[in-house]
Engineer: 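Okay, here's the structure, questions in a sec.
Just so you know, these numbers use all the heavy atoms, side chains as well, and skip hydrogens, waters and symmetry mates. Chain letters run A, B, ... following the sequence lines, proteins first, then strands; residues in each count from 1.
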Amino acid sequence: MKNYWLFKSEPDVYSIDDLERDGTTFWDGVRNYEARNYLRDKVKKGDKVLFYHSNCEVPGVYGVCEVVKEGYPDFTQFDPKNKYYDPKSNPNNPTWFMVDVKFVKKLKKPVTLEEIKNNPKLKNIRLVQKGNRLSIIPLTKEEFDEILKMS
DNA sequence: GCCAACGTTGGC
DNA sequence: GCCAACGTTGGC
């Protein structure tokens, strides 16, 4: 059973264009327990992911990618020079997980946060609920398809 | 750059 | 275990 997700990224840090260039990437730096649980337990190979640009001029969904490697320990947590270093994490029982994704496509037209907010079919997505900061958001197939339809 | 909302930390 | 202080997220 395939799952559907929305992953947030700040385009200044890593954008859909970077993923198009790289082909695949590891999704590092998730340091929130709820998002971690999704990455560790629920995000499966073959799942489809909407690539969302946050904290930028026009926030919204800019592309699609696909999970190619399921949850494994995020190596940046053990690297003292990395900005995501977590000295409390034990290598024998890592706290933080990552997945790998591959580029699928860029949307011809991005679907902006404003458009998502204005679509009643999308009102249950955690992206648009008050104060939600979760960076790994589960979607239903219907929500995923609806957003693609809007592009 | 501002600031509301939220998660985490740490003193007690 | 409570909760104030603090840091971060992310829209605007």
Engineer: So does Lys117(A) get a side-chain nitrogen or oxygen closer than 4.0 Å to the phosphate oxygens (OP1/OP2) of dC12(C)?
Structural biologist: yes
Engineer: Should Lys8(A) be listed as having a side-chain N or O under 4.0 Å from OP1 or OP2 of dG10(C)?
Structural biologist: yes
Engineer: In whole angstroms, how far is the P atom of dA4(B) from the CG atom of Asn132(A)?
Structural biologist: 18 Å
Engineer: Take the protein atom CG of Leu113(A) and the nucleotide atom C1' of dT9(C), then report the distance between them rounded to whole Å.
Structural biologist: 14 Å
Engineer: Within the 4.5 Å heavy-atom criterion, are Lys48(A) and Phe144(A) side-chain neighbours or not?
Structural biologist: yes
Engineer: Separation of Ile137(A) atom CD1 from dT9(C) atom P, in whole Å?
Structural biologist: 14 Å
Engineer: Run the side-chain hydrogen bond (donor to acceptor under 3.5 Å, both in side chains) check on Ser89(A) and Gln77(A) step by step: do they pass?
Structural biologist: CA-CA 7 Å; Ser89(A) 183; Gln77(A) 69 196 301; 2.7 Å; yes
Engineer: In whole Å, I'd like the distance from the OH atom of Tyr33(A) to the P atom of dT9(B).
Structural biologist: 6 Å
Engineer: Whole-Å distance between dT8(C) C1' and Leu134(A) CG?
Structural biologist: 14 Å
Engineer: Would you tell me if any nitrogen or oxygen in the side chain of Tyr52(A) comes within less than 4.0 Å of OP1 or OP2 on dG11(C)?
Structural biologist: yes
Engineer: Taking atom P of dG10(C) as reference, at what distance in whole Å does atom CD1 of Ile136(A) sit?
Structural biologist: 10 Å
Engineer: Looking at Glu114(A), I'd like to know if its CD atom is crowded, meaning that more than 12 non-hydrogen atoms belonging to other residues, nucleotides or ligands lie closer than 6.0 Å.
Structural biologist: no
Engineer: Is the charged tip of Lys83(A) near the ring of Tyr85(A): under 6.0 Å from the six-membered ring centre and within 45° of its axis?
Structural biologist: no
Engineer: Between atom CG in Asn55(A) and atom P in dC3(B), what is the gap in whole Å?
Structural biologist: 16 Å
Engineer: Where the side chain of Arg133(A) is concerned, which of dG7(B), dT8(B), dC12(C) is the nearest nucleotide?
Structural biologist: dG7(B)
